[in-house]
Protein chains: 2
Amino acid sequence: MRRSDLERSVDSASTGAAVTLEMVAAEAGVSPSTVSRILNGTAKVRESKVRAVEAAISKLRFTPNPVARSLARGRSMSVGIVTQSFGSPFYGEALTAIEQRLMRANYAALFVSGHYREADERRCVDHLLARRVEGIILLNSCLPSLEIVNLARGAPLILTGRSVTAERIHCIDVDSTAGASLATQYLIDQGHRRIAYLAGPADHADAVQRLNGYKTALATARIPFTKKLVAEGDYTAHGGLRGMNELLDAQAEFTAVFAANDETAYGAMLALHRRGIRVPQQVSVIGYDDLPASTFMIPPLTSVHRATAELGEHAAEAIIAMIEDRPVVRRETTPTLAVRDSTRSLHR
Amino acid sequence: MRRSDLERSVDSASTGAAVTLEMVAAEAGVSPSTVSRILNGTAKVRESKVRAVEAAISKLRFTPNPVARSLARGRSMSVGIVTQSFGSPFYGEALTAIEQRLMRANYAALFVSGHYREADERRCVDHLLARRVEGIILLNSCLPSLEIVNLARGAPLILTGRSVTAERIHCIDVDSTAGASLATQYLIDQGHRRIAYLAGPADHADAVQRLNGYKTALATARIPFTKKLVAEGDYTAHGGLRGMNELLDAQAEFTAVFAANDETAYGAMLALHRRGIRVPQQVSVIGYDDLPASTFMIPPLTSVHRATAELGEHAAEAIIAMIEDRPVVRRETTPTLAVRDSTRSLHR
DNA sequence: GCAATTCTTGAAAGCGCTTGCAGACCGTAA
DNA sequence: TTACGGTCTGCAAGCGCTTTCAAGAATTGC
């Protein structure tokens with residue numbers, strides 16, 4: 001015996017944590033198997049025993065030990081979620097939804113953050129795998145595709161924001177192309193023709209998609225694409241500030257800017273403000289992601305909205321389905337535009 | 001045998017996950033105990049065996065199963081963190097720091113969010129306890145003190161943003177009073193005397209502290225406190241907007257506003273903007289928390305900065321110390337002021 | 001070279017739960 | 001009454017690891 005009985009009883013008295021199924025069985029006068037069966041509903045048990053066991057359970061305040069359970073069942077009942085940043089309000093909503101959904105299905109959620117760094121992300125994933133998660137949700141992973149495919153042999157995977165086709169991998173495509181098109185198209189509809197673009201980092205899958213969406217919309221409207229109107233940011237406000245300054249310093253002429261994400265737009269707006277250029281009077285600004293803060297920017301920012309909570313819930317549902325070997329229901333969400341005060345029409 | 005050997009070998013071949021310590025022992029020609037001892041450094045083992053075992057481990061790509069380990073050791077090696085919202089950039093930094101620190105000490109972090117709702121938080125805590133976490137970090141909990149004291153019998157607790165004195169509870173006081181004083185004092189130093197205050201929800205412990213800090217600074221400067229200059233918000237931008245509108249509608253006269261947190265300040269600035277009141281020319285605004293976005297507000301927001309990453313790291317360190325029964329090192333962090341463009345001096 | 005120590009190491013029990021197996025029990029048909 | 005099928009329920013093994021205990025190996029001292 002590793003721990004003395006005295007110790008045991010003391011801490012069961014004080015913490016109520018050390019109650020075991022066996023104790024419940026003894027209290028109820030049945031065998032442990034019976035208790036287990038009642039707990040799991042794995043077999044029919046005589047009504048009188050069920051009642052006795054339930055009484056014992058609530059008397060002893062028993063909660064089954066998930067660790068022992070996991071070991072016995074050979075299932076950890078946990079899934080790993082690799083996010084890029086806890087702070088980002090964008091991920092925040094998704095994380096909340098994921099957590100809720102998983103908890104509801106009795107899975108534990110292990111969140112780790114990769115900080116958009118390949119090495120960090122790799123470490124995170126290894127950590128999760130070592131913890132024996134049964135599935136992993138990768139939110140906008142920046143790992144190479146080949147590695148992701150390999151990973152899928154260790155656990156089923158859900159990917160958002162990129163698409164990798166392989167066994168045990170399910171991608172939830174956020175279709176940034178469509179959203180970027182939508183935003184650009186909106187500006188065009190408002191009469192803008194010289195539309196600048198503040199891009200995301202070129203090595204980001206969805207940054208590329210967004211750039212493509214921008215180009216597509218221009219092409220559709222027969223507006224030539226010029227590199228002069230594009231500056232590369234890094235998805236941060238700081239990058240947006242710098243990008244906008246570059247554009248301005250290069251004397252680029254434009255009546256509207258489409259920023260690859262809201263944070264970039266914040267930086268851009270600040271740069272414009274500093275130069276005394278008024279938004280939206282002189283330049284319209286549109287963002288992407290529709291962060292909560294965007295509603296309260298000055299002026300409130302028009303932005304492409306995506307249903308992140310739904311995305312998170314869907315991701316959670318998908319990983320559960322894969323773990324439990326059920327077909328994954330595909331659910332598409334299309335981005336919409338939250339029109340606010342940072343854009344104006346050139347018509348009339 | 002629950003799973004067939006075939007199944008076993010198949011998935012060990014494909015996933016490499018089912019390698020057990022016993023297999024390593026067989027491969028290395030030693031007993032499981034020896035492998036365990038090498039893994040844990042719990043006893044001296046002959047050099048030649050160590051090498052054989054290490055070779056076997058890397059050949060088989062063995063990772064000890066944490067579930068089995070937890071069960072055998074009677075320790076879950078996990079700590080629960082109750083945050084209020086994943087999305088909040090304020091918590092974000094702290095969470096990241098907590099995660100890092102815990103991972104470094106080989107603890108798993110279980111994050112759950114309470115959404116500032118007592119019932120949700122209670123559910124979260126129960127969930128964590130059921131998962132047998134060895135300690136819990138409560139970030140700005142809104143649970144009643146009595147309940148928290150009870151909780152501490154289940155697991156050691158770290159609390160931030162409030163103070164409850166009891167066995168197995170350690171509070172990391174963020175001392176909002178001092179920060180609020182600091183901000184108010186700063187405005188006073190800049191020559192402001194009519195300073196409005198946009199409060200946080202009155203039932204929030206730290207909102208009360210902030211209000212007190214505001215009052216203290218006023219008192220020190222012998223400026224009478226007037227209720228007319230105070231509006232209650234709810235720590236959201238929306239609340240700030242509403243609060244500011246109330247103040248404005250009530251014809252309150254002020255040259256500066258201190259908002260209980262940055263989000264409140266965002267809302268307030270928007271309200272001012274909508275009425276054509278310029279910040280900081282006509283009204284100075286100061287916030288609290290120094291969110292990342294504040295740097296890019298228009299104008300960039302002056303705010304009370306608190307070292308949240310450090311706070312998180314400290315919290316993690318403290319809970320580890322408590323779990324491992326070591327004394328908790330108290331570390332104080334004092335808030336500082338990040339002065340930006342939303343405030344101006346009335347002197348000269 | 002032999003006894004007395006000190007090191008190493010393996011066998012086995014145990015962590016708390018699940019589950020295959022088989023015996024006990026019950027009702028029913030013959 | 002006996003036999004038979006079906007229903008409950010307990011026993012015991014096992015999940016993968018840790019750890020106690022005691023035996024065997026190696027070392028030391030004389």
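Small disclaimer: the values here were computed from a predicted structure and weren't measured. Within every chain, numbering begins at 1; the chains are lettered A, B, ... in the order of the sequence lines, protein sequences first and strands thereafter.
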Whole Å only: how far is the [atom1] atom of [X] from the [atom2] atom of [N]?
{"X": "B:Met23", "N": "D:dC17", "atom1": "CE", "atom2": "C1'", "result": "15 Å"}
{"X": "B:Ile38", "N": "D:dC17", "atom1": "CD1", "atom2": "C1'", "result": "15 Å"}
{"X": "B:Asn65", "N": "C:dC17", "atom1": "CG", "atom2": "C1'", "result": "15 Å"}
{"X": "A:Glu47", "N": "D:dC8", "atom1": "CD", "atom2": "C1'", "result": "14 Å"}
{"X": "B:Glu22", "N": "D:dC17", "atom1": "CD", "atom2": "P", "result": "8 Å"}
{"X": "A:Leu71", "N": "D:dC17", "atom1": "CG", "atom2": "P", "result": "9 Å"}
{"X": "B:Arg75", "N": "C:dG16", "atom1": "CZ", "atom2": "C1'", "result": "18 Å"}

Among the candidates [options], find the nucleotide nearest to the side-chain atoms of [X].
{"X": "B:Lys44", "options": "C:dT8, D:dG14, D:dC17", "result": "C:dT8"}
{"X": "A:Arg69", "options": "C:dT18, D:dC17, D:dG16", "result": "C:dT18"}
{"X": "A:Leu21", "options": "C:dG10, D:dC15, C:dT18", "result": "C:dT18"}
{"X": "A:Val45", "options": "D:dG16, C:dG16, D:dT9", "result": "D:dT9"}

The helix from C:dG1-D:dC30 to C:dA30-D:dT1: angle between its terminal axes, five pairs each, to 10°? 50°
Can a side chain N or O of [X] be found less than 4.0 Å away from OP1 or OP2 on [N]?
{"X": "B:Ser36", "N": "D:dT18", "value": "yes"}
{"X": "B:Lys49", "N": "C:dT8", "value": "no"}
{"X": "B:Ser31", "N": "C:dT9", "value": "no"}
{"X": "A:Arg37", "N": "D:dC8", "value": "no"}

Within the structure provided, determine whether A:Leu159 and A:Ile148 are in side-chain contact (heavy-atom separation under 4.5 Å).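 SC-SC contact between A:Leu159 and A:Ile148 confirmed.
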Can you classify the ring geometry of A:Phe86 versus B:Phe86 as parallel (below 30°), tilted (30 to 60°) or perpendicular (above 60°)? parallel
On DNA chain C, compare the nucleotides closest to A:Arg46 and A:Asn40; which residue's is nearer the 5' end? A:Asn40
Donor-acceptor pair between B:Ser113 and B:Gln84 side chains, under 3.5 angstrom: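 No pair is found: no donor N or O on one side chain lies under 3.5 Å from an acceptor on the other.
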Decide whether A:Arg131 and B:Asn65 meet the rule of one side-chain donor and one side-chain acceptor closer than 3.5 Å. no
Donor-acceptor check, side chain of B:Ser76 to backbone of B:Arg132, threshold 3.5 angstrom: yes or no?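 Yes; at least one donor-acceptor contact below 3.5 Å.
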Would you find a donor on one side and an acceptor on the other, under 3.5 Å apart, between the side chain of B:Ser78 and the backbone of B:Tyr107? no
Which part of the nucleic acid, if any, lies within reach of B:Ser33 when heavy atoms closer than 4.0 Å are counted: base, sugar-phosphate only, or nothing?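 Base, at least one base heavy atom under 4.0 Å.
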Assess whether a salt bridge exists between B:Arg331 and B:Glu310, defined as any Lys/Arg side-chain N lying under 4.0 Å from an Asp/Glu carboxylate O. no
